[in-house]
Amino acid sequence: MNILWFLLVGIIAGWLAGVLVKGGGFGLIGDLVVGIIGALLGGLLFGGLGGAVGGGVLGSIVVATLGAVILLVILRLLKRV
């Protein structure tokens, strides 16, 4: 069940990050995959830096969205090069 929640949060985060980061995108599926990977990245960044947003699903979505936004910005910068 935890994996299902993780995927759901990652999909929501990917969609939100795709909306927040304007410009040429990777498409719906690409942004969703980036969201799932960004959820991992956000969890690692916040955990490593000792940051806390709050518990529950909303806090997880915020952390995952921030990670996905960071990842999308990096990928879009690399895509331009």
Side-chain angles (χ1 to χ4, degrees):
M1 190 65 171
N2 287 336
I3 293 173
L4 198 59
W5 278 112
F6 176 77
L7 291 174
L8 182 64
V9 166
I11 289 170
I12 292 169
W15 176 78
L16 283 172
V19 170
L20 292 172
V21 179
K22 307 279 188 226
F26 295 103
L28 180 63
I29 301 298
D31 285 345
L32 295 180
V33 170
V34 168
I36 293 170
I37 296 170
L40 280 171
L41 178 66
L44 289 173
L45 286 174
F46 272 80
L49 296 175
V53 174
V57 175
L58 186 59
S60 298
I61 290 173
V62 169
V63 168
T65 302
L66 290 174
V69 165
I70 291 168
L71 186 59
L72 274 177
V73 168
I74 291 170
L75 288 175
R76 288 184 180 167
L77 286 173
L78 292 175
K79 185 178 176 183
R80 289 184 183 174
V81 171

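- Rounding to the nearest 0.5 Å gives a distance of 7.0 Å between CG of Leu41 and CD1 of Ile74.
- Summarising the geometry of Ile36 relative to Phe6, their closest heavy-atom pair is O-CZ, 3.9 Å, with the distance given to 0.1 Å.
- The two residues Gly10 and Ala39 make their nearest non-hydrogen contact at CA-CB, 4.2 Å.
- With rounding to the nearest 0.5 Å, the separation of CD1 in Ile11 from CD1 in Ile61 is 11.5 Å.
- In terms of heavy atoms, Gly43 sits closest to Val63 at N-CG1, 3.8 Å.
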I would like to know whether Leu66 and Leu45 meet side-chain contact (heavy atoms from CB on, under 4.5 Å); could you show each step before the answer?
-> CA-CA 10 Å; Leu66 290 174; Leu45 286 174; over 6 Å; no
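- A search for side-chain contact (heavy atoms from CB on, under 4.5 Å) contacts involving Ala13 returns Ala64, Thr65, not counting sequence neighbours.
- Taking hydrophobic clusters as Ile, Leu, Val, Met, Phe, Trp and Tyr residues chained together by side-chain heavy-atom distances below 4.5 Å, Leu44 does not share a cluster with Leu71.
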